[in-house]
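Below: one structure, written as structure tokens.
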Amino acid sequence: MKNYDHIKIEKKWQKYWDANKTYNTEAISKKKKYYVLDMFPYPSGAGLHVGHPRGYIGSDVYARMKRMQGYNVLHPMGYDAFGLPAEQYAIEHKIHPRKAVDINVKTFERQLSVIGLSYDWSRKVNTTDPAYYKWTQWIFLKIYNSWYDRKSDKARPITELIKLFGKSGNKNIDAVCDLNYTQTFSYKEWNTFTEVEKQGILMKYRLAYEGYALVNWCPKLGTVLANDEIVEDKDGKAISERGGYPVEKLSMRQWFMRITAYADRLLTDSEGLNWSTHIKEIQKNWIGKSEGSEIEFKTSINRNIKVFTTRVDTLFGVTYVVISPEYENISEFLVRSKNMADVSVYIREAKERSKKDNLDQKEKTGIELKGITATNPANGEEVPVWVADYVLAGYGTGAVMAVPAHDERDYEFAKKYNLPIKEVIIEQVNSRHDDGILHDSGKFDGLDSKEARTKITKEVDGKFITKYKMRDAIFARQRYWGEPIPLKRDKKTGIITTLKDKELPLKLPNVTSYEPTGTGESPLAGVNAWVKAGYETNTMPGWAGSSWYFLRYMDPKNEKEFASKKALKYWDNVDMYVGGQEHATGHLLYSRFWHKFLYDMGFVPTKEPFKTLKNQGLIIASDGRKMSKRWGNVINPDDTVKTYGADTLRVYEMFMGPFDQAVSWNTDSIIGSRRFLDKIWRLSLRLNKKSSSKDIENILHKTIKKITLDIESMNFNTAISSMMILVNEMEKDKIVSEKDFKMFLQILAPFAPHITEEIWEQLIRIDNYESKNKKQFTSIHLSIWPKWNEKKVIDDMVKIVVQVNGKVRTEIMISNDANEEDVKDLSMKDKDIIPWIKDKEIKRVIYVKGRIVNIVI
RNA sequence: GCCCGAGUGGCGGAACUGGUAUACGCGCACGACUUAAAAUCGUGUCUCGUAAGGGAUGUGGGUUCGAUUCCCACCUCGGGCACCA
């Protein structure tokens, strides 16, 4: 073949790899394993743009090197096809979601296949496949039938909790349960409870539980919307992104996952993960741990108010106490206030407001509960009690002590309503969180904030507690296209029973209309047989199937277990996970949660699912915006592949900038990557039989070293740039041996798998033609990754830069083993240096081995 | 507002642990080959200066023989959280 015909070559080898199962993962073996995983996509209808494959190409390069390094590599791909995108596509095109998914998967697979990714397609999973979601349902039931034991700090089967109830009631059980659940009972009572009562109590402890939650309800669309489906109109009101209709808050029955039970472990264990600090930081903020004190204020109506504060050192600065309009016992305060009528109007209005405006930061409002005072436990001072909407009911105790002098929000409120401001801390200039020294605080005067917190909490009989911002996760969608929740409810008694293992999967029934019902109920509520049988009409959310798929790849066809113990032990966990950072507080947190649960129950051997995580950056369109149909700036990879070839696309996408950074697509620049491959093609036609010149050997081994290290750390852009340098040198130097060129092809192979395979084959064919010992063809991708020779990496002569007072004046060549004195001597005698140092006193001469001499005068 | 991350030629970007700033690629200019063009190859390409030399890594300061790299303050952009007490 004379010219580099990418179309012919790429087709030929894709066919070959497919037929020969070149990339199929070996069975569990003695070989060391390596698990390289991409986040599996939603096969939406829009198809791919050039931004999508960037992550896949990066992980593919990585997987290919690991394979050549002799690892048994697991590098699979699959589809996360339940959820909104698939459902919306189906509704828009008026076809069944099942069909829509199949069509979209096909498009997706065709687009992926031309890029030359080395997936083992025999391990493909699809979350909508009943053989798959059978196990999603199975895991759900395990979670449903578990509770969280704080003492052993892990999940345990609910049957064990029932046993404990039978022994002592729930008084001495330290379990994670619903926030406001305080009722206690003894074992005698447990036995006397009815089934319904027992179910109600257990529901407070289950890790998957039923409850009510405020959701974003759009009456016009007749559906519940996720937060990111809501935008703000010009008056700051919440409207739906699709259609622009008003959105309000509505309380609806939901299933929840008690992820808050794992808050501390999710936080602590993330420290040991090899993830970007950025993602870890996002998760940390999301979990939002804060340590503080819970203290009680007595009030004039004989009802105590508990408050949570991280700044108990400011207790002497409290000038009023605030409770939320949705405070649990607010009615008791209301009826005893002297301005009851006004207060009740305020509370009603505040509740209305909180339902409507969920986006804009509203101005703080409030009203005093006249005639009611609270007593500061530190100094016995009587302070007024207010109701105000800036206090959240759902966090802490729903009440706060207000310290206007040291809290911005309290300050703003106090200013507005003319409440007193009392300063008790002198802030230290260099400290964060405006810690400082106490004054006007009685016997605590002069203490610093930190010390004071411990002492004051003890003094007022407070408790040290830890709070988290993170909420339990809603685990239900009022939609059709999701995994059915495998529970049955008796119509008359309301008793919920779980489906037995052998009854799984509970298959999604066919419906005539899968569009939202408009009543807020799932379309499943319209299926008579379904409702009659007592099945749950909500389905699971999109994140259910994606929270464990990485385990299924280990043993994708197992019908008896979600994966065999043996497979789980061998594949252990994901070594390299590649995907977008937009999943930081979603998928990446939920997967860790489920994985920890499975670990507690002894189903998986590791505490964390993803050892190393890399996030590929976005590809921005040349107009500076995200690529989107909406802007009409989408570049289709198919076109690029056709014009320049898949190898060019791969090289360009890896070369255009750092892998984890957003870069903009520039169609003009692709040509550089194509030229690089063209040069290689031409070089391959004029190789030397014997050996390369010494320079070439030296730079080749340097390059092998650099590429190996660069791929390992995913610095693909610099890897390619150093291969370009090597190729430029080869072109100049002309004498390149076949043997050396083959080594170069091997390190290029992960980036450009087709062209390297083609040249590799041609070289073997020529060899065979000329020699008697015919070689059998083995793919370059199964060849052994070249090792660099450290001796050949070292230069005999090194360049030393000579500076005078830090300014470069000349450079000299020295042998690499020259000693310090000789180098210094040589530098000072250099003809370019003498004029600078003549007649000057030399104060110091600094030498950095192999790099620089700096003469200070 | 709070918490992260980033700022380097016309453009994408490189620079090991503090040691030649601008590698590699695109673009541009000139030259070679060609009847011509494309392709290819070669040379040049931060800035002021004829040169010697000087100045530049968002801005201002500091540490150092030496700072894109470390420290302080500020500006701009991107991301996350958003009344979490």
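In what follows, chains carry the letters A, B, and so on, assigned in the order in which the sequence lines appear, proteins first and then strands, with residues in each chain numbered from 1.
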Can you name the side-chain hydrogen bond (donor to acceptor under 3.5 Å, both in side chains) partners of A:Asp472, sequence neighbours left out?
-> A:Tyr209, A:Thr260
Specify whether A:Phe751 and A:Phe716 have parallel, tilted or perpendicular ring planes, treating 30° as the upper limit for parallel and 60° as the lower limit for perpendicular.
-> perpendicular
Name the orientation class of the two ring planes belonging to A:His587 and A:His583 (parallel below 30°, tilted from 30 to 60°, perpendicular beyond 60°).
-> perpendicular
In residues 840-849 of chain A, which residues come under 4.0 Å of RNA chain B by heavy atom?
-> A:Arg844, A:Ile846, A:Val848
Taken to the nearest whole Å, NZ/A:Lys807 to C1'/B:A21 is 13 Å
In whole angstroms, the gap separating P of B:A14 from CD1 of A:Ile720 amounts to 13 Å
Presence of donor-acceptor pair under 3.5 Å, side chain of A:Asn854 and base of B:C65 | yes
Donor-acceptor pair under 3.5 Å: do we get one between A:Arg851's side chain and the base of B:C16?
-> yes
Side-chain heavy atoms of A:Trp665 within contact of A:Thr667, under 4.5 Å = yes
Compare side-chain N and O positions of A:Arg675 against OP1 and OP2 of B:C26 and report whether any pair is under 4.0 Å apart.
-> yes
Toward the 5' end of RNA chain B, which comes first, A:Lys679 or A:Ser669, by nearest nucleotide?
-> A:Ser669
Is the cationic atom of A:Lys467 (NZ for Lys, CZ for Arg) positioned less than 6.0 Å from the six-membered ring centroid of A:Phe308 and within 45 degrees of its normal?
-> yes
